[in-house]
Structures are given as structure tokens and as C-alpha cells.
Amino acid sequence: MAEQVRAIRTRKTILSAAAKIFEERGYQAATISEILTTAGVTKGALYFHFQSKEDLAQGVLAAQDQQLSIPPRASKVQEIVDAVMLHAHRLQTDPMVRAGVRLSMDQLAQGLDRSGPFLRWGEIGLDLLQRAQAQGELLPHVVPSETAEVIVGSFAGIQSMSQAICDYRDLVGRVSALMRHLLPSIVVPSVLASLDLSEGRGAAVYTEALQTPEIPQPAAV
């Protein structure tokens, strides 16, 4: 048991170091040597958990998704808003999330499959939109698969713009504005009027999620 706990701790240490280096230098420029130095572990320890730099990067991409669950809401559209606003909040506060996003947006990352986060977000959005549609929350013309991709792509562009301009400092404001612009074309007016789209929503959901970590998700966020 003690060895298993040590192994888990070592893996987390390596991932945190990799996240730091990937965020600072990007995938292409980052080296295993830098990650080893930052983590303070042996090469053998690193390769016990990760076979290559690409494997490390995939570990960082996956790790950003495995920490918090969105509390369920009666309105599935509110769950969508909460997922997006929570991710915006975590981009401002969580180095692992920032590193994962840096990797997923890094067009110079040759040989790295960056599709995972986009596909996972699309699956989450599709599931919630389909459930919202079944509850009568969406306008008749909405195609959930198409709308899920629009939301994911729009968020990716907004966060990239915020990162370039001010290192995410205005991200929650930009995401709140994005939701206010997108949702009227998706959601029935009675549901739209009940949604909390405030800039503080992500921080509030984060606090709530920390208090209820066992709540299941339809997929990783």
C-alpha cells in the first residue's frame, strides 16, 4: 500500500512538472531533461510512468479533466453554462488546466494528437444538449451535435484571445459575454430567463464541486 501511494505521488509530481514546462515552453521546445529537473525524480521513475514526451503530454491533457464534477441541475442548459464557466475559472487558477489548454491549442506540436480535449468537450456538450432537448429547453431548430461543436469552437477562440491579450485575466467576462450572445439562439425564452450567466458563476460552481466530489459526470470535463 505504501509503495502504491508513493507511486501515485510520484506520478502526480511528474505530471505537475511536465505541465509547468509544457505551459512555459510549448510541446516542441520542452525536453525530458527539463521535466526531470523540475520534478526532481530519476529517469527510471519517469519512464516507469510515462514512455515518452508524447505520453507525458497526453497525461497532462487527460489530468486536467479528472479533478471536478459539475453538480447536476434541473436545467441541463445551466449545466452547460456551469461546465463552461467552471473551465474558464480553472484556466485562471489551475496550472494543469492551463498546460492542457496550451497543449491542445499548440499548432507546432508535431506528432501530438491534440484532438482529445475537443472531442471530450464535444461529447459532454452533446449529451447535455440532447437531455436539454428532451426536457423542452431548446428551440425547435437546434441540432445538438452542431450546437455542441459551435460552443466548443467558440470557447476555444475566446480563451485563446484572452490568453494572448492578458493571460486569461478577463476570461470569465469574455465567456459570460459569449454565453449571452449564443444562448438566445439556442434556448427557449422561459429557460433563458432563469439561467445564471454571471461572471462569478465559475468560482461558485468550483466551490460547490469541491464540496460534492462524488457526483457523477456523463463524461470527463
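Because only heavy atoms are used, hydrogens play no part in the values below, and waters and symmetry mates are left out as well, while side chains stay in.
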- Message: Is it the case that atom CD in E149 sees more than 12 heavy atoms from other parts of the structure closer than 6.0 Å?
- Response: no

From [atom1] ([X]) to [atom2] ([Y]), nearest 0.5 Å:
X    : Y    : atom1 : atom2 : value
S16  : I35  : OG    : CD1   : 11.5 Å
I165 : L171 : CD1   : CG    : 11.0 Å
T93  : Y206 : OG1   : OH    : 5.5 Å
T13  : I8   : OG1   : CD1   : 12.0 Å
L197 : D82  : CG    : CG    : 9.5 Å
S115 : R120 : OG    : CZ    : 8.5 Å

Is there a donor-acceptor contact under 3.5 Å from the side chain of [X] to the main chain of [Y]?
X    : Y    : answer
Q163 : R98  : no
S162 : I158 : no
K53  : Y27  : yes
E79  : R73  : yes

Do [X] and [Y] sit in the same hydrophobic cluster, where Ile, Leu, Val, Met, Phe, Trp and Tyr count as joined when their side-chain heavy atoms come under 4.5 Å apart?
X    : Y    : value
V60  : Y47  : yes
I80  : L126 : no
L108 : L112 : no
V172 : V97  : no
V101 : L119 : no

- Item | Min side-chain heavy-atom separation R11-F50 under 4.5 Å | yes

- Report yes if some heavy atom in the side chain of R114 is under 4.5 Å from a heavy atom in the side chain of L103; otherwise report no. no

[X]: partners by side chain to side chain donor-acceptor pair (under 3.5 Å), with sequence neighbours left out:
X    : answer
Y168 : Q159
Q133 : none
S198 : D196

Over all heavy atoms of both residues, which pair between [X] and [Y] is shortest? Give the atoms and the distance, please.
X    : Y    : result
L36  : T42  : CD2-O, 3.5 Å
V152 : G122 : CG2-N, 3.8 Å
I21  : A30  : CG2-CB, 3.6 Å
A19  : M96  : CB-SD, 3.7 Å
P117 : S104 : CG-CB, 4.0 Å
F22  : R102 : O-CG, 3.7 Å

- Run the numbers on D55 and S52 for side-chain contact (heavy atoms from CB on, under 4.5 Å), then give the verdict. CA-CA 5 Å; D55 197 22; S52 63; 3.6 Å; yes

- Query: Taking it one step at a time, do L61 and D113 satisfy side-chain contact (heavy atoms from CB on, under 4.5 Å)?
  - Reply: CA-CA 10 Å; L61 287 170; D113 182 359; over 6 Å; no

- Going through the checks in order, is the side-chain contact (heavy atoms from CB on, under 4.5 Å) test met by Q78 and R201? CA-CA 10 Å; Q78 184 67 65; R201 183 67 183 180; 3.5 Å; yes

- Scan V143, V191, T147, V77 and name whichever one has a side-chain contact (heavy atoms from CB on, under 4.5 Å) with L138. V77

Please tabulate, one pair per line, all N/O donor-acceptor pairs under 3.5 Å involving side-chain atoms of residues 178-188, not counting sequence neighbours.
residue: R180; atom: NH1; partner: S176; partner atom: OG; Å: 2.9
residue: H181; atom: ND1; partner: A177; partner atom: O; Å: 2.7
residue: S185; atom: OG; partner: L182; partner atom: O; Å: 2.7

- How are the rings of F155 and W121 set to each other: parallel, tilted or perpendicular (split at 30° and 60°)? parallel

- Can you name the residues that form a side chain to side chain contact (heavy atoms under 4.5 Å, CB included) with Q135, not counting sequence neighbours? K76, E137

- Which residues share a side chain to side chain contact (heavy atoms under 4.5 Å, CB included) with A156, sequence neighbours left out: M105, F118

